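Here the structure comes first, spelled out in structure tokens, and everything after it is commentary.
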There are 2 protein chains.
Amino acid sequence: MNIKPLIDYFNTLLPLNEEEEQFIEKIFKERQIKRRQFILQEGDVAKYNTFVVEGCLKMYYVDDKGKEHNLQFAIENWWIGDLGSFHSEKPSKLYIEAMERSIILQIRKEDQLQLFIKYPKFNRIFRVFTENALINIQERILQNISSTAEERYLDFLDRYPYFFQRISNVQIASYLGITPEFLSTIRKNLSKS
Amino acid sequence: MNIKPLIDYFNTLLPLNEEEEQFIEKIFKERQIKRRQFILQEGDVAKYNTFVVEGCLKMYYVDDKGKEHNLQFAIENWWIGDLGSFHSEKPSKLYIEAMERSIILQIRKEDQLQLFIKYPKFNRIFRVFTENALINIQERILQNISSTAEERYLDFLDRYPYFFQRISNVQIASYLGITPEFLSTIRKNLSKS
DNA sequence: AGTGACCTATAAGGTAGATTAAGAAAGAAG
DNA sequence: CTTCTTTCTTAATCTACCTTATAGGTCACT
């Protein structure tokens with residue numbers, strides 16, 4: 001069981017004791033996911049919150065024309081999940097799919113509630129990184145309503161340079177809210193200057 | 001001091017005892033804000049987290065061409081603040097301005113930290129509503145990358161019907177990421193059908 | 001009653017980005 | 001190696017949305 005990255009992750013925010021570590025180890029389940037395998041599909045209720053140990057996943061929405069719109073990527077040490085469905089227990093409108101062979105750790109909702117009750121410290125940990133996620137996504141909204149596609153692309157490269165060689169331009173375009181064709185012309189213009 | 005709405009707000013999430021209520025009352029400060037008054041300006045560090053008792057405020061970014069882009073509105077029982085600046089203690093890039101005469105309750109960062117330490121219950125409360133904020137803003141990102149302006153406008157009216165008579169179309173357009181002129185033509189088209 | 005500030009509407013012309021289609025290159029699979 | 005799938009590119013046409021300009025309406029202030 002590949003729990004160490006998760007323990008390390010928690011420890012950077014707030015050191016855990018032996019008992020807490022053991023509880024974490026007990027309630028998180030490891031899964032190996034193949035490329036193109038789904039861990040959530042539209043219509044399912046999101047039963048798990050997911051921590052990525054290795055690999056890369058995307059969460060996206062499919063509109064009525066069948067087009068995919070990437071809401072989020074997740075690589076090593078990131079969390080991914082449809083929080084809305086997880087908490088409301090209503091069917092999700094999203095898909096989560098592995099873009100590479102991945103190793104993930106998952107926790108069920110009832111276990112996460114137990115975790116918060118038994119070890120209130122985790123309320124703090126999860127509060128802090130929910131806040132960080134909120135801060136990041138607020139930046140993204142700001143960009144979407146105030147910047148051009150080219151500016152957003154440059155900012156994306158700046159913010160996530162390690163995605164550049166790892167995920168295709170098709171996926172990046174979908175994340176930025178533009179077509180791959182238009183991203184291609186943006187890239188051409190950038191290479192000229 | 002107009003603390004009751006805040007206490008009620010906390011109580012709906014997790015009932016408070018006498019001691020907790022008194023502490024809340026002690027650390028939140030009430031302020032009366034005039035229309036057009038700022039509670040945060042670009043370059044300031046966000047020192048407060050703000051709960052709205054009465055009135056209406058907006059948080060926005062001003063781009064290099066001087067255009068305002070509304071990130072968020074807040075009315076009765078909503079929170080508003082630049083979380084990024086509040087936590088990092090770096091200068092904010094945002095403005096928060098009252099659109100109506102308002103009554104707000106503010107807490108300083110050091111008091112909020114005290115609150116979390118003395119009464120860990122509040123970690124849970126703040127975790128829950130940070131999660132809710134995150135869920136909402138994720139929906140908004142999804143719309144921005146996958147829907148037309150008309151669809152976003154209709155969804156906005158559907159989601160926040162009470163804003164319709166309360167804030168101007170100029171402000172709504174800025175929130176949606178379009179120009180007021182284009183919102184006007186959208187409204188014309190909608191009224192035809 | 002008059003002035004100014006702000007909001008809404010309308011219209012012409014312009015641009016960012018979408019759509020469609022087609023071809024070349026590079027992986028992945030058999 | 002061959003076949004199939006996916007990726008990236010280019011180019012023409014189209015559309016959603018922006019820009020600039022003008023004008024009428026409403027409300028606050030004097």
Side-chain angles (χ1 to χ4, degrees), chain A residues 33-37 55-56 58 60-70 73 97-102 143-157 163-193, chain B residues 34-37 56 58 60 62-70 73 97-101 143-157 163-193:
Chain A
I33 311 291
K34 285 183 206 155
R35 188 174 143 93
R36 265 163 234 210
Q37 186 177 342
C56 183
K58 61 178 173 179
Y60 59 93
Y61 171 69
V62 179
D63 68 21
D64 39 18
K65 287 173 193 149
K67 262 193 199 145
E68 300 181 6
H69 301 274
N70 286 338
F73 301 118
E97 181 187 336
M99 299 168 74
E100 305 172 0
R101 194 154 51 81
S102 303
Q143 286 225 344
N144 269 290
I145 62 176
S146 70
S147 302
T148 64
E150 181 173 313
E151 288 165 335
R152 276 179 280 146
Y153 176 61
L154 287 172
D155 183 79
F156 179 85
L157 292 185
F163 278 163
F164 181 68
Q165 329 85 308
R166 195 156 175 185
I167 64 185
S168 73
N169 289 325
V170 176
Q171 299 303 325
I172 294 176
S174 165
Y175 179 92
L176 296 174
I178 59 177
T179 58
E181 291 87 350
F182 189 54
L183 179 54
S184 184
T185 74
I186 287 175
R187 286 159 51 82
K188 188 174 64 174
N189 291 337
L190 286 172
S191 70
K192 278 185 197 160
S193 44
Chain B
K34 287 183 203 154
R35 188 173 142 93
R36 267 165 235 205
Q37 187 177 341
C56 184
K58 61 177 174 179
Y60 60 93
V62 179
D63 68 21
D64 39 18
K65 287 174 193 150
K67 262 193 199 147
E68 300 180 6
H69 302 273
N70 287 338
F73 300 117
E97 181 187 336
M99 300 170 73
E100 307 172 0
R101 193 154 53 81
Q143 284 225 345
N144 268 290
I145 64 176
S146 70
S147 302
T148 65
E150 180 172 314
E151 288 165 335
R152 277 179 278 145
Y153 176 62
L154 287 172
D155 183 78
F156 179 85
L157 292 185
F163 278 163
F164 181 67
Q165 329 85 309
R166 195 157 174 184
I167 65 183
S168 73
N169 289 326
V170 176
Q171 299 302 325
I172 294 176
S174 165
Y175 179 92
L176 296 175
I178 59 176
T179 58
E181 293 86 350
F182 189 53
L183 178 53
S184 185
T185 73
I186 288 174
R187 287 159 49 82
K188 189 174 67 172
N189 292 338
L190 286 173
S191 70
K192 278 185 198 159
S193 45

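In what follows, every chain begins at residue 1, and chains take the letters A, B, ... in the order their sequences are listed. Since the model is a prediction, treat every value here as computed from it, not as a measurement. In what follows, every heavy atom counts, from backbone to side chain, and hydrogens, waters and symmetry copies are set aside.
Not counting sequence neighbours, the partners of B/Asp155 by the side-chain hydrogen bond (donor to acceptor under 3.5 Å, both in side chains) test are B/Gln143, B/Arg159.
Contact between the side-chain N/O atoms of B/Arg36 and the OP1/OP2 oxygens of C/dC6 is found at a separation under 4.0 Å. Between A/Asn169 and D/dC8, a side-chain N or O to OP1/OP2 separation shorter than 4.0 Å is present. For the OP1/OP2 pair of D/dT19 and a distance below 4.0 Å, the side-chain nitrogens and oxygens of B/Lys67 include at least one atom meeting the criterion.
Rounded to whole angstrom, the span from the CZ atom of B/Phe164 across to the P atom of C/dC7 amounts to 16 Å. Atom C1' of nucleotide D/dA16 and atom CD of B/Glu181 are separated by 15 Å, given to the nearest angstrom. The distance between atom CD of A/Glu68 and atom P of D/dT6, rounded to the nearest whole Å, is 11 Å. Whole-Å rounding puts the A/Ile145 CD1 to D/dC17 C1' distance at 16 Å. When the P atom of D/dT10 is taken as reference, atom CG of A/Leu183 falls 12 Å away, rounded to whole Å. Between the P atom of C/dT10 and the CG atom of B/Leu190 lies a distance of 13 Å, rounded to the nearest Å. With rounding to whole Å, B/Arg35 atom CZ is found 14 Å from C/dA5 atom P. For the pair B/Ile186 CD1 and C/dT10 P, the computed distance is 14 Å after rounding to whole Å.
Annotation: the span from B/Ile145 atom CD1 to A/Glu68 atom CD amounts to 11.5 Å, rounded to 0.5 Å. From B/Ile167, atom CD1 reaches atom CD of B/Glu100 across 9.5 Å, with rounding to the nearest 0.5 Å.
Between A/Phe163 and A/Phe73, the angle of the ring planes goes over 60°, which puts this pair in the perpendicular group of the 30/60° scheme.
Under the 4.5 Å side-chain criterion, counting only non-hydrogen atoms from C-beta, A/Ser174 is not in contact with A/Tyr60. At a threshold of 4.5 Å between non-hydrogen side-chain atoms, the residues A/Leu190 and A/Tyr153 count as touching.
Distances were taken from every side-chain heavy atom of B/Thr148 (C-beta onward) to each of C/dA9, C/dG17, D/dC17; the shortest belongs to D/dC17. With C/dC7, C/dT10, C/dA9 as the choices, the nucleotide that has an atom nearest any side-chain atom of B/Arg187 turns out to be C/dA9. Closest to the B/Thr185 side chain, of the nucleotides C/dT10, D/dC17, D/dT10, is C/dT10. Distance from the side chain of B/Phe182 is smallest for D/dC17 among the nucleotides D/dC17, C/dG17, D/dT7.
Ranked by how close their nearest DNA chain C nucleotide is to the 5' end, A/Ser147 and B/Val170 are led by B/Val170.
Within residues 171-179 of chain A, the residues approaching DNA chain C are A/Gly177, A/Ile178, A/Thr179, by heavy-atom distance under 4.0 Å.
In terms of modelled atom types and a separation under 3.5 Å, the side chain of B/Arg101 and the main chain of B/Lys34 share no donor-acceptor contact.
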